Undergrad: 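Before anything else, here's the structure in question.
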Amino acid sequence: MKSAALNLSPHYGFIAVLVASILWGTTGTAASYAPNLSPLAIGAIAMGGGGLLQALLAHRNILGHLPQIRSYLPILLVGVISVAIYPLAFYSSMRMAGITIGTVISIGSAPLFTALLEKFFDKKSLSKQWFISFIFGVIGVLLLSIGESHSQGSAQSIAADQKALGIILGLIAALTYSLYSWAAKKMIDRGVDSKASMGLIFGFGALILLPTLFFTGSNLFDEPINLYVVGYMMLIPMFLGYLLFGYALKTISASTATTLTLFEPLVAALFAVLLVGERLAPIGWIGMILIFVCLAVLSKAPQPNSN
């Protein structure tokens with residue numbers, strides 16, 4: 001019975017990441033109800049507030065691991081700095097390079113960065129199924145983003161230098177997302193409780209993120225809807241979503257987890273179509289199918305093993 005439970009545990013990790021991706025996929029629709037609020041402010045308060053809540057929830061677990069903090073302090077610092085940079089780079093990338101390019105670069109390249117981190121720092125090999133699923137997933141996200149862009153009739157002209165900077169910021173967002181996922185996984189593998197790992201990384205990250213609201217959140221209290229939106233995003237996608245993500249990292253690798261989050265753009269597109277009234281071009285629906293293929297292939301892939 002015990003071995004059967006252990007064999008099932010990675011499946012629970014898969015489900016946890018997919019549920020987290022569904023929650024994260026609602027953020028774009030939620031943000032559309034507060035169009036006058038800066039996306040930088042939304043990102044800072046949602047991720048920062050959610051991070052503080054995680055730290056408060058896990059305060060006992062965190063206190064229990066503080067005596068050993070020196071043993072994982074460098075990894076913790078990598079995670080904290082990455083959490084602080086990620087939302088600012090991600091939202092700035094979409095603003096400067098456009099939603100299509102920003103989404104593809106930021107979300108699509110994160111699994112590759114995570115795989116490289118695991119390969120070079122953890123000496124883990126990746127299966128052929130992972131590479132196949134990654135290719136299907138990235139192409140799916142690209143087609144989905146193009147389908148959304150065409151349906152919105154986005155003929156926005158973006159200067160070449162601004163687009164280049166947006167692409168760089170997208171790569172920074174992808175790298176920092178990969179880094180804090182990898183750092184949390186490393187801490188968990190070293191015996192730090194998953195709640196404590198996520199609470200430490202996101203709690204300290206919040207202390208860096210929240211002060212940026214002085215520059216980006218000047219109109220936060222102008223309309224009640226702004227508070228409802230950031231309250232929802234803080235409690236549900238960021239707090240609950242990352243609790244599930246932390247649980248998943250106990251049972252699956254960081255590269256698998258970040259690849260599974262390619263499901264997030266698909267959910268975001270569906271919510272935009274069903275709730276906001278946006279339309280999706282046929283190429284976008286093809287992208288959705290490819291993302292499902294990615295998830296199906298990934299579910300059959302073996303977990304990376306250390307060499």
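Quick note: numbers below take in every heavy atom, side chains included, and nothing from hydrogens, waters or symmetry partners. By convention here, the first residue in the shown sequence is residue 1. Model, not experiment: these values are computed from the prediction.
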Undergrad: Rounded to the nearest 0.5 Å, what's the gap from CG on L240 to CD on Q54? Could you check?
TA: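 Taking CG in L240 and CD in Q54, the distance rounds to 9.5 Å.
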Undergrad: How long is the straight-line distance from OG1 of T216 back to CG of L88, given to the nearest 0.5 Å?
TA: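 Spacing of CG (L88) from OG1 (T216) equals 7.5 Å.
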Undergrad: Are I45 and F215 connected, step by step, through hydrophobic side chains (Ile, Leu, Val, Met, Phe, Trp, Tyr) whose heavy atoms are closer than 4.5 Å?
TA: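 Not linked; separate clusters.
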Undergrad: Side-chain contact, heavy-atom cut-off 4.5 Å: V297 with W130?
TA: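 No; the side chains remain at least 4.5 Å from each other.
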Undergrad: Do you see a donor-acceptor pair shorter than 3.5 Å between the side chains of T261 and T258?
TA: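 No.
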Undergrad: With a 3.5 Å distance limit and no angle check, can you tell me whether T176 reaches the backbone of A173 through a side-chain donor-acceptor pair?
TA: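 Side chain of T176 to backbone of A173, a donor-acceptor pair under 3.5 Å: yes, one is there.
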Undergrad: To the closest 0.5 Å, what do you measure between CE (M96) and CD1 (I168)?
TA: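 The distance works out to 9.5 Å.
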Undergrad: Just so I know, are the side chains of C294 and F134 near enough to count as touching, which here means a heavy-atom distance under 4.5 Å?
TA: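 No, side chains not in contact.
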Undergrad: With side chain to side chain contact (heavy atoms under 4.5 Å, CB included) as the criterion, how do L76 and V80 come out once you've worked through the C-alpha distance, each side chain's angles and the decisive distance to 0.1 Å?
TA: CA-CA 6 Å; L76 174 61; V80 168; 3.9 Å; yes
Undergrad: Please report the C-alpha distance between F245 and W24 in whole Å, then the side-chain angles of each, then the deciding distance to 0.1 Å, and finally whether the ring pair (Phe, Tyr, Trp, His ring centres under 6.0 Å) criterion is met.
TA: CA-CA 11 Å; F245 192 72; W24 294 333; 5.6 Å; yes
Undergrad: Is any side-chain heavy atom of M187 closer than 4.5 Å to one of L200?
TA: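 Yes - at least one pair of side-chain heavy atoms lies under 4.5 Å apart.
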Undergrad: Decide side chain to side chain contact (heavy atoms under 4.5 Å, CB included) for I236 and T26; before the verdict, give the C-alpha distance in whole Å, the side-chain angles of both, and the deciding distance to 0.1 Å.
TA: CA-CA 9 Å; I236 306 302; T26 66; 5.7 Å; no
Undergrad: Using 0.5 Å steps for rounding, measure from the CG atom of L77 to the OG atom of S82.
TA: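 With rounding to 0.5 Å, CG (L77) is 10.5 Å from OG (S82).
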Undergrad: Under 3.5 Å, side chain of E118 to main-chain N/O of A254, donor-acceptor pair present?
TA: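 Side chain of E118 to backbone of A254: a pair is present.
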Undergrad: Indicate whether any N or O donor in one side chain lies under 3.5 Å from an N or O acceptor in the other, for Y91 and S38.
TA: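 No, no side-chain donor-acceptor pair sits under 3.5 Å.
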Undergrad: Tell me if a side-chain donor or acceptor on S178 pairs with a main-chain N or O of A110 at a distance below 3.5 Å.
TA: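 At least one qualifying donor-acceptor pair exists.
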Undergrad: Under 4.5 Å between side-chain heavy atoms, counting indirect links through other Ile/Leu/Val/Met/Phe/Trp/Tyr residues: same cluster for I135 and I286 or not?
TA: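 Yes, because I135 and I286 connect within a single hydrophobic cluster, where side-chain heavy atoms sit under 4.5 Å apart.
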Undergrad: Please examine the side chains of L171 and S109, heavy atoms only from C-beta on, and report whether any two atoms are closer than 4.5 Å.
TA: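 Yes, side chains in contact.
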Undergrad: Should D122 and K185 count as an ion pair when the cut-off is N to O under 4.0 Å?
TA: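 Looking at K185 together with D122, the answer is no, because their closest N to O distance does not fall below 4.0 Å.
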Undergrad: Where do A41 and L213 come nearest, in terms of heavy atoms and distance?
TA: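 Looking at all heavy atoms of both residues, the shortest contact is O-CD2, 3.6 Å.
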Undergrad: What pair of heavy atoms forms the shortest contact from G241 to A20, and how long is it?
TA: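 Looking at all heavy atoms of both residues, the shortest contact is O-CB, 3.4 Å.
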Undergrad: Same cluster or not: V83 versus L73, using hydrophobic residues (I, L, V, M, F, W, Y) connected whenever any side-chain heavy atoms lie under 4.5 Å apart?
TA: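 Yes, it is one cluster - the side chains of V83 and L73 are joined through contacts under 4.5 Å.
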Undergrad: Before you tell me yes or no, could you show the steps for Y72 and H65 under side chain to side chain contact (heavy atoms under 4.5 Å, CB included), namely the whole-Å CA-CA distance, both residues' side-chain angles and the distance that decides it to 0.1 Å?
TA: CA-CA 10 Å; Y72 54 83; H65 287 286; 3.5 Å; yes
Undergrad: Locate the shortest heavy-atom distance separating M198 from G246; write the atom from each residue and the value.
TA: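 Shortest heavy-atom contact: CG-CA, 3.7 Å.
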Undergrad: Which heavy-atom pair separates G108 from L262 by the least distance, and what is that distance?
TA: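 In this case the closest contact between G108 and L262 is CA-CD2, 4.1 Å.
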Undergrad: Look at the side-chain heavy atoms of Ile, Leu, Val, Met, Phe, Trp and Tyr, link any pair under 4.5 Å apart, and say whether L220 and F214 land in one connected group.
TA: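 They do not share one cluster, since no chain of ILVMFWY contacts under 4.5 Å joins L220 to F214.
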Undergrad: Which pair of heavy atoms, one from G147 and one from L280, lies closest together, and at what distance?
TA: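 Heavy atoms of G147 and L280 come nearest at C-CD1, 3.7 Å.
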Undergrad: Flag the pair F90 / P39 as yes when at least one side-chain heavy-atom distance between them is below 4.5 Å, and no otherwise.
TA: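 A side-chain contact is absent here, since even the closest heavy-atom pair is not under 4.5 Å.
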Undergrad: Taking the inter-plane angle between the rings of Y86 and Y177 on a 0 to 90° scale, is it parallel (under 30°), tilted (30 to 60°) or perpendicular (over 60°)?
TA: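 Ring orientation, 0 to 90° scale: tilted.
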Undergrad: Under the side-chain hydrogen bond (donor to acceptor under 3.5 Å, both in side chains) rule, what do T29 and S32 come out as? Steps first, then yes or no, please.
TA: CA-CA 5 Å; T29 299; S32 70; 5.6 Å; no
Undergrad: To check you understand the geometry: which heavy-atom pair defines the closest contact between S181 and L249, and what is its length?
TA: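 Between these two residues, the closest heavy atoms are O-CD1, 3.7 Å.
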Undergrad: Does atom CZ of F204 have more than 12 heavy-atom neighbours, drawn from other residues, nucleotides or ligands, at distances under 6.0 Å?
TA: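 Incorrect, the count does not exceed 12.
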Undergrad: I'd like to know whether Y242 forms a ring pair (Phe, Tyr, Trp, His ring centres under 6.0 Å) with F239, so could you lay out the CA-CA distance, the side-chain angles of the two residues, the decisive distance to 0.1 Å, and finally the verdict.
TA: CA-CA 6 Å; Y242 277 105; F239 173 59; over 10 Å; no
Undergrad: Mind checking the CD-OG spacing from Q129 to S299? Nearest 0.5 Å is all I need.
TA: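 These two atoms lie 10.0 Å from each other.
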Undergrad: Between OG of S197 and CD1 of I188, what distance do you get to the nearest 0.5 Å?
TA: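 Answer for the OG-CD1 pair, S197 versus I188, is 4.5 Å.
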Undergrad: Is N226 reaching over with its side chain to a backbone N or O of N219, donor-acceptor style, under 3.5 angstrom?
TA: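 Judged by distance alone, yes, a pair lies under 3.5 Å.
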Undergrad: Between the main-chain N or O of T103 and the side-chain N or O of S106, is there a donor-acceptor pair closer than 3.5 Å?
TA: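 The answer is no, because no donor-acceptor pair under 3.5 Å joins these two groups.
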Undergrad: If you apply the rule side chain to side chain contact (heavy atoms under 4.5 Å, CB included), what do you find for F120 with L117, and how did you get there?
TA: CA-CA 5 Å; F120 289 107; L117 287 170; over 6 Å; no
Undergrad: Same cluster or not: are V293 and W285 linked, directly or through other Ile, Leu, Val, Met, Phe, Trp or Tyr residues, by side-chain heavy atoms under 4.5 angstrom apart?
TA: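 Yes; tracing contacts between hydrophobic side chains, which count when under 4.5 Å, links both residues.
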Undergrad: If you define the side chain from C-beta out and look only at heavy atoms, does anything of F202 sit under 4.5 Å from M47?
TA: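 The answer is yes; the side chains approach within 4.5 Å.
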Undergrad: Can you check whether W182 and F121 have ring centres sitting under 6.0 Å from each other?
TA: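 Ring centroids of W182 and F121 are less than 6.0 Å from each other.
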Undergrad: Is it true that a side-chain atom of R190 and a backbone atom of S71 form a donor plus acceptor pair closer than 3.5 Å?
TA: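 The answer is yes, because a donor-acceptor pair under 3.5 Å joins these two groups.
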Undergrad: Does any non-hydrogen side-chain atom of N36 lie less than 4.5 Å from one of D222?
TA: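 No. Closest side-chain heavy atoms not under 4.5 Å.
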Undergrad: Is the F136 to F292 ring centre distance short of 6.0 Å?
TA: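 Aromatic pair excluded; centres sit 6.0 Å or further apart.
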Undergrad: Given 3.5 Å as the limit, does a donor-acceptor pair link the side chain of D193 with the main chain of I62, or not?
TA: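 Pair absent, no side-chain N/O of D193 close to backbone of I62.
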Undergrad: Is there a side-chain contact between Y247 and Y12 in this structure, where contact means two heavy atoms from C-beta onward sitting under 4.5 Å apart?
TA: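 Yes, at least one pair of side-chain atoms sits under 4.5 Å.
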